[in-house]
Protein chains: 4
Amino acid sequence: MTKSTTSSTKRILVIKAAAKVFSRQGFHQARVEDIALAAGVGKGTIYEYFDSKHRLFEEVVQESLKFYSGQTDAVNLKKFSLHDQIHHLFYMHLKFSIDYHDISKVALGDYTLGSEEIHQWMREMRREKVIRVKEMLERAKETGEVDQSLDSDLAATLLWGMLGVLCSQVMWSDETHDIDQIAEKVAHITMRGLGLVPGT
Amino acid sequence: MTKSTTSSTKRILVIKAAAKVFSRQGFHQARVEDIALAAGVGKGTIYEYFDSKHRLFEEVVQESLKFYSGQTDAVNLKKFSLHDQIHHLFYMHLKFSIDYHDISKVALGDYTLGSEEIHQWMREMRREKVIRVKEMLERAKETGEVDQSLDSDLAATLLWGMLGVLCSQVMWSDETHDIDQIAEKVAHITMRGLGLVPGT
Amino acid sequence: MTKSTTSSTKRILVIKAAAKVFSRQGFHQARVEDIALAAGVGKGTIYEYFDSKHRLFEEVVQESLKFYSGQTDAVNLKKFSLHDQIHHLFYMHLKFSIDYHDISKVALGDYTLGSEEIHQWMREMRREKVIRVKEMLERAKETGEVDQSLDSDLAATLLWGMLGVLCSQVMWSDETHDIDQIAEKVAHITMRGLGLVPGT
Amino acid sequence: MTKSTTSSTKRILVIKAAAKVFSRQGFHQARVEDIALAAGVGKGTIYEYFDSKHRLFEEVVQESLKFYSGQTDAVNLKKFSLHDQIHHLFYMHLKFSIDYHDISKVALGDYTLGSEEIHQWMREMRREKVIRVKEMLERAKETGEVDQSLDSDLAATLLWGMLGVLCSQVMWSDETHDIDQIAEKVAHITMRGLGLVPGT
DNA sequence: GATGAATGAGCTTTCATTCAT
DNA sequence: TATGAATGAAAGCTCATTCAT
């Protein structure tokens, strides 16, 4: 029997260690013993709090997603210009990717494995995120910042894709990045496009 | 002892079967026996051609990347407008994702596992691809289609990100997509940006 | 350190709970935690009174055997006829099997496991029991109720065997049994044999 | 996937080794590795032929029961006197217990563990055996060798109980037994009973 | 004394790899 | 060359036992 969901210190300790190990080694490579070691507890202790390695993984992902959402949803910028909103969107995500490297890898990872359940969460989370972006664009249509004819669904997906590459690039590279500058550039490119608009 | 790299019929047979199995089950879930079964050969035969499961996986990825590059690089469109080049870029990749579903999943997959070596290839391949896109943008700068101030590195990366989401979306969804229309819309958005440019 | 053999209340509590659990699940299936739960004490408490699960089991068996012997030896019927003594022997054991189901299963169980020590007890206990029956038969020889040529050792063993099947049958079946009638029939068959004696 | 039921040499080898180990150590004490060692094969080989330790155990029991039944049912003695039939019944079983010590222990063992399925088999097998004995008695009633009033069900059970103790006694003791003599004595006691019939 | 969270030895089981045929 | 039966290292998981509270 697993202990109650009450957030005991040990439980959190294990989740954090697991996030680190899973993000580095992936699910299959990570040995339960590695996680125990990283958490500074015995192998058996993990099974006091989680039914199985699989379940632990799912909890780590879920927890990461929750934290991720909490962090990146935080600010509501409805009153700002679309340009600023996009800037902020990228800035926030890039910052998160840097600050919470491990969690980020787990939350954004492309987990082929895992119960259908976990896939469900990730798809849902992504959809939710994309929908949030889409709503942002819809609002911009209303204010006239964006053309009515824009396929906001597609555009939101594209923004999400850009967000993805940049985050993973930032996560994996060793260099330090000026994420504010990157966010600004992205916002600019996104708003104006690549094409040279005559008379600008 | 492993056979020479010479492409024997059996060898190719195994690689193809492996691509299918790996793309469906992922590296760890895929059992060598599954691959042997899918290839219609004995388990031992695989080891005649590949040193280990790991090596086989690497060869599959390498082969997939090669084939992928071959297919998506195929056309040279230097003389076309940037808009058309982008259109074509997306069209080609989307078409490839649909036509070669299995290979696509292997080639674009986010393989956390695997030797550093394989990661190397994938990063290299990606960089190469991104560079190709970057060059495309650089040429457009020269022709005046794009502003000199554009950070073509960043822009190329963003394009690559958009390419990624769309391909995976197309790969995983069950619906049929009008990829020509998608490509067109993407090209439009990419060129003009989201912002409503006054006087258009 | 284990407590003195002094029968504390807790100690008895645990033994009783253990008897129940062991009789239902067998030694290996029974978890120490199950027993603790059944006894309404903490897991650690059991180790205050018993050195190990094994020792606890041994004590349970020993205690059960003691109780069993106490109950079934109780009456001394030397002055009765052999027929009546046999009747009583079976009646007593059958009654015990029904009344003390759990203890019975432990006391009569065929424990393949366990220290040689415990096997020793069980064999000794059995031998003792068989000897008691043998003595009964020997006395019957003296009174002329039984032929001098009878192999009383063998006969006692056979009676013990009959006792065994009947008890286990009564223990495991759900029906209610008229054990007095059974005892009577057994006594009859045992005394007269199966063969139809001419002139009876 | 387990290999076909075809009686391959290895399969039988493992079953025999398992019978030996299980009969000595019991199910839980026996380690799969012990069995592999006893069979002179690798640990993994066992899993080529059996899905699990549990399944192996069940097959061993089933096989033992089958063999046991085959051996002890062999002779049909309907035309002999009841005395001779009983003699033979005991002789056969005792001989089997001695000749096939291991199998005997598995076939007659009191397995508390194991799937309900295996319990089913054992109960069925026992019932079948008892019924066979009962039929023997019923036939004897018809020929007038036995009193019509005999509770043949009970008597058969009692015989089965006697058979049990004797077999286990023979199995566990180190002495050599004159089983023909034992069988003769048992037949005598069984037929005539313990009671001294006046005028015999 | 009493507890139950923590532990790790020990077990079952999987599956990549070998090798006799 | 091709095979698949045989193998054993490696990993997940259980649970008797300990010990800080």
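Quick caveat, the model's predicted, so the values are computed rather than measured. Naming convention: chains lettered A, B, ... in sequence-line order (proteins, then strands); numbering from 1 in each chain.
- When the nearest nucleotides of DNA chain F are assigned to B:K10 and D:K43 by heavy-atom distance, the more 5′-ward of the two goes with B:K10.
- Nucleic acid contact class of D:A36 (heavy atoms, under 4.0 Å, all strands): none.
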- Taking only Watson-Crick and G-U wobble pairs with both distances under 3.5 Å, what dot-bracket line describes DNA chain E, where [ ] shows pairs that cross earlier ones and | shows pairs with another strand? .||||||||||||||||||||
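- B:Y49 has a side-chain polar atom (N or O) that falls below the 4.0 Å cut-off from OP1 or OP2 of F:dA2.
- Closest to the side chain of A:S52, from the set E:dT12, F:dT17, F:dC13, is F:dC13.
- Taking the nucleotide of DNA chain E with the nearest heavy atom to each of B:G44 and A:G40, the more 5' of the two is matched to A:G40.
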- Query: Checking salt bridge (charged side-chain N to carboxylate O under 4.0 Å, His left out) for the pair B:K10/B:E48: CA distance, chi angles, key distance, verdict?
  - Reply: CA-CA 10 Å; B:K10 275 272 169 64; B:E48 289 289 323; over 6 Å; no
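- The distance from atom CD1 of A:I35 to atom C1' of F:dA11 is 12 Å, rounded to the nearest whole Å.
- As a whole-Å value, the separation of C:R55 CZ from F:dT17 P is 12 Å.
- Distance check, rounded to the nearest 0.5 Å: CD of D:Q62 to CZ of D:R55 gives 7.0 Å.
- In this structure, B:L56 atom CG and E:dC15 atom P are separated by 17 Å, rounded to whole Å.
- Side-chain atoms of D:E48 lie closest to F:dT7 of the nucleotides E:dT3, F:dA2, F:dT7.
- Put simply, CG on B:L13 is 13 Å from C1' on F:dA2, counting in whole angstrom units.
- For B:T45, counting side-chain heavy atoms from C-beta on, the closest listed nucleotide (E:dT18, F:dT14, F:dT3) is F:dT3.
- The structure places NE2 of D:H28 at 6.5 Å from NZ of D:K53, a figure rounded to the nearest 0.5 Å.
- As rounded to whole Å, 11 Å separates atom P of F:dA16 from atom CD of C:Q25.
- Distance CD1/B:I35 to CZ/B:F22: 4.0 Å, rounded to 0.5 Å.
- D:M125 contributes atom CE, which lies 5.0 Å from atom OH of D:Y68 (distance to the nearest 0.5 angstrom).
- What separates CG of A:D34 from P of F:dA10 is a distance of 13 Å, to the nearest Å.
- Counting non-hydrogen atoms under 4.0 angstrom, A:A39 reaches nothing in the nucleic acid.
- Regarding C:R31, its CZ atom lies at a distance of 11 Å from the C1' atom of F:dA16, rounded to whole Å.
- No more than 12 heavy atoms of other residues, nucleotides or ligands sit less than 6.0 Å from atom NZ of A:K20.
- Between A:E33 and D:G42, the residue anchored nearer the 5' end of DNA chain F, judged by the nucleotide with its closest heavy atom, is D:G42.
- Atoms CZ (C:F27) and P (F:dC15) sit 13 Å apart, rounded to a whole Å.
- Annotation: side chain of B:Y49 is not in contact with side chain of B:I15 (no heavy-atom distance under 4.5 Å).
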